[in-house]
Amino acid sequence: MNAAVAIVISSIVVLGVGVAISFWVGKRNKGIEDWNVGGRSLPMYVVAGTQFATGMGGGVLVAHVGIGYSAGWSAITYNLLYSIGIVLLVLLAGWLKKHNFSTLPDIFKKLYGEHKIMMSSVTLLAIVVPFGWLCTQLVAFGNLFTEITGLSFTLLIIIFAAISLLFVLPGGMASVAWTDFVFGCFMLLLSIVSGIYMLNYAGGWSGIASNVPENLVSFPQGMGAIGLTTIVFWIFAIFPGALTNQMSYQRIYSAKDAKTAKQGFIIAAIAGIISGTWASFMGIAILSQNPGMDNPELAAGWFLTQIPTWFLAIYSAFIIATIMSTVSSAMQSVVVNITNDIYKSYINPEVKDRTLVKASRMLSVIIIVLAIVLSLYYPQALGWLQATYAYSAAGLLVPIFLGIALRRTKLLSAKGAMGGIFAGVIGAAIAQLLNTAIPYAVYGVVGSLVGFLLFSMIFKEKRGLDKKVSGL
């Protein structure tokens, strides 16, 4: 059978199963609470599955396998750091569930009260990350499958984006979470299968280890093969991003209770470490067979050229499931920000739930069209979109966590929060322009801390918010 035909058939089967689940869930979940936060009733295994599937993304399939190729077990270190970051969110689960939040800006509203400039800034920083993920995942899909199938890049992106709507429109978060759970199970299964296949292909572990430098395959030493400097950079880059990603917060909101959220996130963290182990192993095994690649990120693509058609079809479906989970989650997250934090908060506060669900569906279509346009005509902007992850973390990390820590004091004020947000973004921008050796997000976080404390001290007696935050 022709490879392209086999891939199309397997993709239709996998996506068809996902769409069927999405519509089945959507029929039972029709309210705005279902759309925004899954009805706040998701069981532990679904919370774990959707958190894992959303966070995995196309990066694990390409970039992390590349890390394994060039630096052995270091991909485990990367995923371990990210997993620690999402586990830290477990510490906030009780407080977050208590207040029935729907988005990241809801936290700021509770801590600092209503302030249009602050809320608008937070909403923007919350939106740019998932929208950036949405665009980059579409481009990653188009680039990868153009090579595999020979089909048009433009056509692939349009088709994939259109199908992604079927994962979101029926029930919003409820649909996304349940399909993520199914896809997450599929991802873990295919990780094991592909790992076993590669192990046999490369002649067993002894054959792999004999063809790879010892510093890469020794364990746990190989976890540091990337170098201490890079690991330190990862710490400063990964933690802020993991702790300020709205998509993770939404999954805590969606859990049926705080205990469920905590258990789900811990399981997702373990699954993330497993995926890092898989990526490292695949990279090491590919290195043992083809050590001459100049670009480590080509390792995953080389693997696709070595497997038989039947397995290529299944593995391609694995890739599609991984990317679709991130695309649908990112789209839903952007839409909730716009409907909840802009439309309902400032344009139509009296909007009925049914109208808000309809508006969410319409906005989903608009957002995916914008993402298609950006992906097709401005691919050079995608690097900038990825940088928004750093800017978002630089602006939001300190006001969220220091604000929660100081919520029972009189220090908090909306102007203090804005000082932290703007100082963080400006600090990151200056560091990026200077091309500093240390990741510019670090300078942003430090600037945010200084700005937050300075403005909070200046305006602590002028805040006028005591009544609004007294219930915290």
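None of these values were measured; they are calculated from a predicted model.
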Notebook entry, point to check: Is there a donor-acceptor contact under 3.5 Å from the side chain of Y69 to the main chain of M293?
Noted result: yes
Check: Short question: side chain of S210, backbone of S206 - any donor-acceptor pair under 3.5 Å?
Finding: yes
Check: With a cut-off of 6.0 Å (strictly less than), are more than 12 heavy atoms of other residues, nucleotides or ligands near CD of Q221?
Finding: yes
Notebook entry, point to check: Can you find a heavy atom in the side chain of S164 that is under 4.5 Å from one in the side chain of I368?
Noted result: yes
Check: Checking side chain to side chain contact (heavy atoms under 4.5 Å, CB included) for the pair F131/L374: CA distance, chi angles, key distance, verdict?
Finding: CA-CA 11 Å; F131 188 75; L374 184 61; 3.8 Å; yes
Item checked: Among F186, F303, Y197, W310, ring-ring contact (aromatic ring centres under 6.0 Å, His included) partner for Y315 -> F303
Check: When you look at K98 and D257, which way does the salt bridge (charged side-chain N to carboxylate O under 4.0 Å, His left out) test go after all the steps?
Finding: CA-CA 9 Å; K98 174 183 176 182; D257 52 45; over 6 Å; no
Margin query: Just verifying a value: how many Å separate I319 CD1 and I314 CD1, rounded to the nearest 0.5 Å?
Written below: 12.5 Å
Checklist line | S191 side-chain N/O to W278 backbone N/O, donor-acceptor pair under 3.5 Å | finding: no
Checklist line | Spacing of K97 atom NZ and S254 atom OG [to the nearest 0.5 Å] | finding: 7.0 Å
Margin query: Can you confirm whether F167 is buried at CZ, in the sense that more than 12 heavy atoms of other residues, nucleotides or ligands lie under 6.0 Å from that atom?
Written below: yes
Check: Roughly how far, to the nearest 0.5 Å, is the CG atom of D106 from the NE2 atom of H99?
Finding: 11.5 Å
Next item on the list: Start with the C-alpha gap between N211 and S288, add the side-chain angles, then the distance that decides, and say whether side chain to side chain donor-acceptor pair (under 3.5 Å) holds.
Entry: CA-CA 5 Å; N211 292 326; S288 74; 5.0 Å; no
Next item on the list: First locate atom CD of Q246, then atom CG of L125, and finally report the distance between them rounded to the nearest 0.5 Å.
Entry: 11.0 Å
Item checked: Partner residues of F141 under the ring-ring contact (aromatic ring centres under 6.0 Å, His included) criterion, sequence neighbours left out -> F145, F160
Checklist line | Residue pair I400, F108: steps toward the side chain to side chain contact (heavy atoms under 4.5 Å, CB included) verdict | finding: CA-CA 7 Å; I400 290 174; F108 282 76; 3.5 Å; yes
Check: Could you state the interatomic distance from CE (M331) to CG (L134), rounded to the nearest 0.5 Å?
Finding: 6.0 Å
Margin query: Does W234 have more than 12 heavy atoms from other residues, nucleotides or ligands lying within 6.0 Å of its CH2?
Written below: yes
Next item on the list: Run the numbers on I267 and Y45 for side chain to side chain contact (heavy atoms under 4.5 Å, CB included), then give the verdict.
Entry: CA-CA 8 Å; I267 294 173; Y45 55 89; over 6 Å; no
Check: Would the Y249 and F101 ring centres measure less than 6.0 Å apart?
Finding: no
Notebook entry, point to check: After noting the C-alpha distance and the side-chain angles of W178 and L42, does the key distance pass the side chain to side chain contact (heavy atoms under 4.5 Å, CB included) rule?
Noted result: CA-CA 9 Å; W178 279 94; L42 297 183; 3.9 Å; yes
Checklist line | N/O donor-acceptor pair under 3.5 Å between S333 side chain and S329 backbone | finding: no
Next item on the list: Show your reasoning for whether ring-ring contact (aromatic ring centres under 6.0 Å, His included) applies to F183 and F52.
Entry: CA-CA 10 Å; F183 281 174; F52 165 68; over 10 Å; no
Notebook entry, point to check: Taking 4.0 angstrom as the limit, do R40 and D34 come out as a salt bridge?
Noted result: no
Checklist line | Audit row: Y391, Y440, ring-ring contact (aromatic ring centres under 6.0 Å, His included) steps and yes/no | finding: CA-CA 9 Å; Y391 281 100; Y440 55 87; 5.7 Å; yes
